[in-house]
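To start, the structure under review is shown below, and the notes come after it.
Heads up: numbering here begins at 1 and tracks the sequence.
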Amino acid sequence: MGIVALNGLLLSGCTGIPDGTEPVTGFELNHYLGQWYEIARLDHSFERNLDCVTADYSLRDDGGVRVINRGYNLTEQEWNEAEGRAYFIDDESVGRLKVSFFGPFYGGYNILELDDNYQWALVSGPNRNYLWILSRTPTMESTVEERLRQRAAELNFPTDELIDVVQDHTCPER
């Protein structure tokens with residue numbers, strides 16, 4: 001999920017899931033851990049002008065997930081980073097977590113589609129204002145990305161508003 005995208009979710013204080021959507025089942029956290037690249041997202045002020053966005057997930061000592069979101073403002077040439085923590089809402093085999101970057105406030109993190117090999121994911125927040133297409137690599141096969149955009153459209157997300165995130169040679173070393 002985008003660099004500070006979760007911050008906006010947290011302000012809403014909602015750990016819900018968009019009506020008519022379901023999180024993936026058979027989820028295995030250990031396969032999901034590691035680095036993900038943001039390929040596309042819906043626009044929000046807390047992520048505006050950020051490209052080269054990644055999310056890194058690792059285990060916490062308390063059984064939760066450490067989340068490090070980073071994005072680069074190509075115009076201002078500066079990184080923006082946020083650290084948070086995530087916990088399963090229900091069963092750990094369901095791709096539905098709550099994430100916090102501010103004390104006790106949590107936002108929903110819902111994995112709606114996930115590659116069998118954990119190479120790409122379609123993630124939403126608690127409602128249809130939050131959507132991300134994530135990949136293990138900085139670029140995604142166009143047919144896969146188109147399929148995820150189509151699936152999001154079927155789920156009534158405003159896919160015509162998706163922003164393509166720059167993930168190319170203009171991104172500085174992380």
Whether Phe27 and Tyr118 hold their rings parallel, tilted or perpendicular, with breakpoints at 30° and 60°
tilted
Ignoring hydrogens and angles, tell me if any N or O in the side chain of Asn110 forms a donor-acceptor pair with the backbone of Leu112 under 3.5 Å.
no
Indicate the atoms forming the closest heavy-atom contact of Asn127 with Phe157, along with that distance.
O-CE2, 4.0 Å
So NZ of Lys98 and CD1 of Ile89: to nearest 0.5 Å the spacing works out to 7.0 Å
Can a donor-acceptor pair be found, under 3.5 Å and without considering hydrogens, that links the side chain of Asn69 to the backbone of Ala82?
no
Could you tell me if the side chain of Asn49 sits less than 4.5 Å from the side chain of Thr75, heavy atoms only?
no
I need the Leu50 CG to Glu78 CD distance, nearest 0.5 Å.
9.0 Å
Please tell me if the side chains of Val99 and Arg85 come closer than 4.5 Å, counting only heavy atoms from C-beta onward.
no
Passes side chain to side chain contact (heavy atoms under 4.5 Å, CB included), Asn73 versus Asn80? Steps please.
CA-CA 8 Å; Asn73 184 314; Asn80 188 335; over 6 Å; no
Between Arg136 and His31, the two heavy atoms sitting closest are NH2-O, 2.6 Å
To the nearest 0.5 Å, atom CG of Asp115 lies from atom CH2 of Trp120 at 5.5 Å
Between Glu161 (side chain only) and Asp43 (backbone N and O only), is there a donor and an acceptor less than 3.5 Å apart?
no
Any side-chain heavy-atom pair of Asp168 and Pro138 under 4.5 Å
no
Spacing of Tyr72 atom OH and Cys171 atom SG [to the nearest 0.5 Å]:
9.0 Å
Ignoring hydrogens and angles, write down the donor-acceptor pairs under 3.5 Å from the side chains of residues 59-68, residues two or more places apart or on other chains.
| from | atom 1 | to | atom 2 | distance (Å) |
| --- | --- | --- | --- | --- |
| Arg60 | NE | Asp62 | OD1 | 3.1 |
| Arg60 | NE | Asp62 | OD2 | 3.4 |
| Arg60 | NE | Tyr87 | OH | 3.4 |
| Arg60 | NH2 | Asp62 | OD2 | 3.1 |
| Asp62 | OD1 | Gly64 | N | 2.9 |
| Asp62 | OD2 | Tyr87 | OH | 2.5 |
| Arg66 | NE | Glu83 | OE2 | 3.0 |

Side-chain donor-acceptor pair present, Thr137, Thr139, cut-off under 3.5 Å
no
Contacts of Asp164 that satisfy salt bridge (charged side-chain N to carboxylate O under 4.0 Å, His left out) - sequence neighbours left out:
Arg149
Any heavy-atom pair between the side chains of Leu148 and Glu113 that's under 4.5 Å?
yes
4.5 Å side-chain heavy-atom contact, Asp51 and Gln167
no
What heavy-atom pair brings Ile111 and Ala121 nearest, and what distance separates the two atoms?
CG2-CB, 4.5 Å
Rounded distance [0.5 Å steps], CD1 in Ile163 versus CZ in Arg41
5.0 Å
Pro23 and Ile17: which non-hydrogen atoms are nearest, and at how many Å?
CD-CD1, 3.3 Å
Ignoring hydrogens and angles, tell me if any N or O in the side chain of His44 forms a donor-acceptor pair with the backbone of Asn129 under 3.5 Å.
yes
Please check if the side chain of Asn117 supplies one atom and the backbone of Gln119 the other of a donor-acceptor pair under 3.5 Å.
no
Single-linkage hydrophobic cluster, 4.5 Å side-chain cutoff, Leu29 and Trp132 together:
yes
Taking all non-hydrogen atoms of both residues, which atom of Cys52 and which atom of Leu74 are closest, and how far apart?
SG-CD2, 4.2 Å
Could you tell me which non-hydrogen atom of Ser124 sits nearest to which non-hydrogen atom of Pro18, and how far apart they are?
OG-CD, 3.4 Å
Nearest-0.5 Å distance, CD of residue Glu146 to CD of residue Glu141
12.5 Å
Side chain to side chain, Trp36 and Glu38, heavy atoms closer than 4.5 Å:
no
Val24 and Val94, any side-chain heavy atoms less than 4.5 Å apart:
no
